[in-house]
Each structure stands twice: as structure tokens, then as C-alpha cells.
Amino acid sequence: MQKLLDNKVAIVTGAARGIGRASALTFAREGACVVVSDMDTAGGEETVQLIERAGGKAFFVACDIAYEDQVMQLIDRTLSIFGRLDCAHNNAGLGHGQMPVADIPTSAWERTVDVVLNGTWFCMKHEIPAMLRTGGGSIVNVSSAAGMQAWPLVSGYGAAKAAVAHLGKVATKEYAARGIRVNAVAPGPIATEMVAGAIRQNPALEQHLTAAVPMGRLGTAQEVAELVVWLCSDRASYISGATIPIDGGQVA
């Protein structure tokens, strides 16, 4: 049976754990060769091993997307090994912790913007020309429900994630006619390892996170991954410039 992404090549950043790992595994399940990228070498190599054990093809490239030269090396390695790039899930990100606007250290603000916004732009800046070489491709960036609503105490993160969504809309206007689709997913509270650890330390946190979610539960990394991979497939061929919440109805 033909899979959604047979003979395609996909990059996933931030793929050592959580949503990125789930997406990398799902790309591979659907037939893509996967370039796994992360700052965490051990976690990234483990993701590659999981893909290979399931019969897929993958390799790891260490990359901090806040540095353009590292992103360029990521794209160059991809093209040298697989010869093309069809899909990219620009997932890597971080936050500055929970604190009011006036209390955020400048260094924490700058690092958040460097990774979330500038890093996503660096990825797109070098992914798009690679995709154009073979007639186009699909990019799925990661925004956030925090970029669609005003969430207190995460202003820098939310602002950067809102900018990521806007960046994708502009890129759609510029490149859709040349075969590049750019969309974003906007997760709400997702039960990643990081969130699970925080809940273990503070069991009341889960109720706090789910209180504003109409479905009354956390989402899963796999649920996000399924949307990401579908957006990269031909089944989503007329969708570009969209930011799709995946949040159990939280921002409705």
C-alpha cells in the first residue's frame, strides 16, 4: 500500500523528544527518509534508532537553529545524503520561563526570540531554495496557542510564536506559485515529557492546564505529529498560509 510520503525527504528539528520525535517517527512511518536534528545528540540518535528499528531510514545532525551556519550545514548534509528536500517540520523551540514582561531577563528574551523566531526563519531561508530545486515542498512551522491568545507570564514566547505564524503567511504569498506550501500548527497543552515532569513535581498543574480546554485533557505529541505529517502530504495540497490550532478547543 502506498504511504503518504513515499520517496520524500523530511527534516525535523527539535526531534530528540516530544512532538519532534513523534513527528520524525510518523514521517518515517509514512515512507519518508528523515533527517533528525536537535542540540541533544543522545536523544536525536535515539530517535534515529527508533526509526531504523521500525524499518525506516534516518540520520542525525546536531544543530542549534539559532545559528545560521549550523542550519546551513543541516541543509547541506541533507542534500548530500538524500539529494533533495521535500518536507520540513521546524519544531525546535524554547521559552523564557513564566514571569511578567518587566521581569524577563534580556538574555532570556533574546535567546527565546533567537531560537523560536530567528531560528525558524533561518530554517525557512535555507529550506526553501533546497525545495525549489526539485519543484517545491511543504513546510510546517510550530506556533502555539500562546501565540493566538494573550497568555500571562509568557509574553516573549507568545510574541515569537505569533511572529512565526505570520512569517509563514508571508512566505505563502511569496512562494505558493512556485510549489512551496507553508503552514503552522499551534499546539495547546501537550503531554510531553517536559510537561509530565512538571506535573510530577506539582500535581495541581494538570488541572490548571486542562481547565481552559473544552475537551478536558492534555493533547498528545502523536496527535500533533499526525497533523504535521498530513499537512506535508498531497492530501493537504490546497492548504497554505494556515495556522491550525491543535488544542482541544482552547482558543475557540
request  = For Val35 and Val12, run side chain to side chain contact (heavy atoms under 4.5 Å, CB included): C-alpha distance rounded to whole Å, both residues' side-chain angles, the deciding distance at 0.1 Å, then the answer.
outcome  = CA-CA 6 Å; Val35 182; Val12 182; over 6 Å; no
Side-chain heavy atoms of [X] within contact of [Y], under 4.5 Å:
| X | Y | answer |
| --- | --- | --- |
| Phe122 | Met72 | no |
| Thr243 | His166 | no |
| Cys87 | Val9 | no |
| Ile11 | Ile75 | yes |

State whether [X] and [Y] are salt-bridged, where the test is any N-O pair (Lys NZ or Arg NE/NH1/NH2 against Asp/Glu carboxylate O) under 4.0 Å.
| X | Y | result |
| --- | --- | --- |
| Glu46 | Arg21 | yes |
| Asp86 | Arg84 | yes |
| Arg217 | Glu206 | no |
| Lys3 | Asp234 | no |

Hits for side-chain hydrogen bond (donor to acceptor under 3.5 Å, both in side chains) against Arg133, two or more places apart or cross-chain, chain-then-number order -> none
- side-chain hydrogen bond (donor to acceptor under 3.5 Å, both in side chains) evaluation trace for Glu68 with Asn118: CA-CA 9 Å; Glu68 186 174 8; Asn118 296 342; over 6 Å; no
- [ ] Given side chain to side chain contact (heavy atoms under 4.5 Å, CB included), test Thr41 with Phe60 step by step and report yes or no.
- [x] CA-CA 8 Å; Thr41 298; Phe60 174 72; 3.8 Å; yes
So does [X] have more than 12 non-hydrogen atoms from other groups sitting under 6.0 Å from [atom1]?
| X | atom1 | answer |
| --- | --- | --- |
| Asn7 | CG | no |
| Phe59 | CZ | yes |
| Asp103 | CG | yes |

I'd like to know if the side chain of Ser37 pairs up with that of Thr13 as donor and acceptor (distance under 3.5 Å, no hydrogens or angles considered).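 The answer is no; no qualifying pair exists.
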*Pair Gln222, Thr26: side-chain N/O donor-acceptor within cut-off below 3.5 Å*: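 The criterion, which ignores hydrogens and geometry beyond distance, is satisfied for Thr26 and Gln222.
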N/O donor-acceptor pair under 3.5 Å between His96 side chain and Tyr157 backbone =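 Judged by distance alone, yes, a pair lies under 3.5 Å.
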